Amino acid sequence: MTSPITAVVSNEDWHYSPLTVVVIGASGDLAKKKTYPSLLSLYAGGLLPKEVQVRGYARSAKTNGQFRDGLRPYLEKTANEKGVGMEVLEGFLEKCFYANGGSYDDLEAFERLEGDIRGFEEEASIAEPPILFNLGFESTNNSQSQVPSPTPKCCNRLFYFAIPANVFASAGNAIKSKCMSKGDGWTRIIVEKPFGHDLDSCNELTQALAKNFDESHLYRIDHYLGKEMVQNLMIMRFGNVWFERLWSRTDVAAVLLTFKEPFGTDGRGGYFDKYGIIRDILQNHLLQVLTLVCMEPPGKVDGEDGGEDIRNCKVNVLKCIPEIKIEDCALDERKAEVRIQFKDAPAAEFMFDSPCPRNELVIRLQPREAIYMKTNVKTPGFSSQPIQSELEVDYISRFNNERAPDAYTRLILDVLRGRTAGFVRNDELVESWKIFTPLLHKIEKEKVPPLVYKKGTRGPQVQDEVVERWGYIRNAEYVYYNGKVLPKSKI
């Protein structure tokens, strides 16, 4: 049975044009763990053109066979998780090739790469001539009818930068010099974070890429924007009348975004020493989610203008956020969620002679995606006191037969389709770095120490004081426990 997205894609022009995907940095962990498994998922789902090749480029010397052998364990893991047959996996690997060069601006190596791509395109771009039926009409020039020459198709090229930001410009120069798509085909480049480490470095990186590419070429990927629940935000906000009415400053008391992991830097110490959690999570992932939570309604969310409408609205939110100060800054579980707390129900405390907990809308991004509304109901039994319960949609139990794509798979397909809403535009980057750069420079200049807390706890005690200062009131009797939301008395 054809999936809905396969039916949609099969009607789009790019799906009938030869496609070359070039993974720059193909021997690295990101490429092996995310990029290639996502491409396999698209291939298995019939979402890549029939005429497609995937070419890896890196500095280490390998044959095509050695490269495929290195990919196979990662692809087998994806195949087992997604129910992809081994025959399909092997068919995908046959379309994977490898080339190496001395550096990411090795023009001779990129010229060889261009030759390989061009050879594939010349063979794949010749459409079979149409079958002509002789209907008995005479030729106007009294000569024998001729079969039209094969018609060349446009050929598209997608480059995925799975490389450090300090070689983006070098790779970009080589691509511009040697490997741009010819004719009517497009060239698109997926750029991975980090997009600089402060405002100045972001501007330098942007200017270096802008020498060769404009915004139509560049897709700055933030995988959080591809998560199922983040994708759901706009439909939930603007497709439900009760949310649309409540989602305003007259009813919302506070918005709280939470990101927790149950482990430490575990193997990532060097990365965190250089970039830190503010750059890794706050300045991009959580700030992107915040813009979707707070933005005004875009004119369109889909179609030709939808992407730019959404990104314009996100930029307007970023321009309204002040610089983060050190006094505004402050774990026992893995959790990422958006929590919108509404203001107190008028006169409720007087009516019931006891505090009435605030309503909250909670959108859990991970783990086990869910949406629930913390709602006050009567305490069971003879009591008339309010107690908090929930109205919940658990995605796994509610849509257990639907297999949602992972974030990278969804976003790579969006690039192929030319859909820009899930990618970060240059002005978004600039505004987001304006918010965090002063704080980062202060921390680094004054060597501000992080707050210490015991592993496995909720975090530093001061975090509750900070969020209360911003208007959030925590109901300590209501907790998330063992995959369920329960009153503390039930644990």
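Not measured: the values here are computed from a predicted model.
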More than 12 heavy atoms of other residues, nucleotides or ligands under 6.0 Å from CZ of R59: is that the case? no
As a quick check of understanding, evaluate side-chain contact (heavy atoms from CB on, under 4.5 Å) for M373 and F342, giving each step before the final call. CA-CA 11 Å; M373 176 74 86; F342 297 94; 4.2 Å; yes
Who pairs with R157 by salt bridge (Lys or Arg N to Asp or Glu O under 4.0 Å), at least two apart in sequence or on another chain? E114, E121
Do L411 and F423 come within less than 4.5 Å of each other through their side chains, counting heavy atoms only? yes
Pair E308 + R425, salt bridge at N-O below 4.0 Å: yes
For the backbone of V9 and the side chain of R417, can you confirm whether one donor and one acceptor N or O come within less than 3.5 Å of each other? no
Test your reading of the model: is there a side-chain donor-acceptor pair from R358 to the backbone of Q341, 3.5 Å cut-off? no
Nearest atoms (heavy-atom pairs only) where F168 meets I163: CE2-O, 3.2 Å
Side chain S177, main chain N173, donor-acceptor under 3.5 Å: no
With side-chain contact (heavy atoms from CB on, under 4.5 Å) as the criterion, how do L158 and L416 come out once you've worked through the C-alpha distance, each side chain's angles and the decisive distance to 0.1 Å? CA-CA 8 Å; L158 170 62; L416 295 175; 3.8 Å; yes
Check: T78 side chain, S38 main-chain N or O, donor-acceptor pair, under 3.5 Å: no
Sidechain-backbone polar pair: H441 side chain, P438 backbone, donor-acceptor under 3.5 Å: no
Audit row: R68, F97, side-chain contact (heavy atoms from CB on, under 4.5 Å) steps and yes/no: CA-CA 8 Å; R68 291 166 181 165; F97 303 91; 3.4 Å; yes
Using the six-membered ring wherever Trp is involved, compare the ring planes of F92 and Y43 and label them parallel, tilted or perpendicular (cut-offs 30° and 60°). tilted
Got F67 and L71 here, is their nearest side-chain heavy-atom distance under 4.5 Å? yes
Any heavy-atom pair between the side chains of R311 and V315 that's under 4.5 Å? no
Within the side chain of S181, is there an N or O that forms a donor-acceptor pair under 3.5 Å with the backbone of C155? yes
Could you tell me whether a side-chain N or O of N376 sits under 3.5 Å from a main-chain N or O of P357, the two making a donor and an acceptor? yes
Is the number of heavy atoms from other residues, nucleotides or ligands within 6.0 Å of NZ (K300) greater than 12? no
Evaluate the side-chain contact (heavy atoms from CB on, under 4.5 Å) criterion for residues F213 and M180: first the C-alpha distance (whole Å), next the side-chain angles of each, then the deciding distance (0.1 Å), finally the verdict. CA-CA 10 Å; F213 311 106; M180 295 293 283; 3.8 Å; yes
So does E228 get a backbone contact from the side chain of N232, meaning a donor-acceptor N/O pair under 3.5 Å? no
Using atom types as modelled, flag every donor-acceptor pair under 3.5 Å from a side chain in residues 245-256 to any protein atom, sequence neighbours excluded.
unit_1 : atom_1 : unit_2 : atom_2 : d
W247   : NE1    : V293   : O      : 2.8
S248   : OG     : T250   : OG1    : 2.8

For D222, side chain to side chain contact (heavy atoms under 4.5 Å, CB included) partners two or more places apart: Y224, L225, N284, H285, Q288, V424
When you look at CG of D13, are more than 12 heavy atoms from neighbouring residues, nucleotides or ligands closer to it than 6.0 Å? no
Just by distance, do the side chain of D309 and the backbone of P298 share a donor-acceptor pair under 3.5 Å? no
Can E431 and K314 be counted as an ion pair, charged N to O under 4.0 angstrom? no
I'd like to know if R279 and D198 make a salt bridge, using a cut-off of under 4.0 Å between side-chain N and carboxylate O. no
Passing option when R220 is tested against E215, E428, E192 for salt bridge (charged side-chain N to carboxylate O under 4.0 Å, His left out): E215
If you count heavy atoms of other groups shown closer than 6.0 angstrom to NZ of K34, is the number above 12? no
For residues N100 and K62, determine if any side-chain heavy atom of one lies less than 4.5 Å from a side-chain heavy atom of the other. no
Examine distances only and state if a side-chain atom of T6 and a backbone atom of G46 form a donor-acceptor pair shorter than 3.5 Å. no
V23 to A162 - nearest heavy-atom pair and separation: CG1-CB, 4.5 Å
Partner of L361 under side chain to side chain contact (heavy atoms under 4.5 Å, CB included), picked from I371, L391, V338, is I371
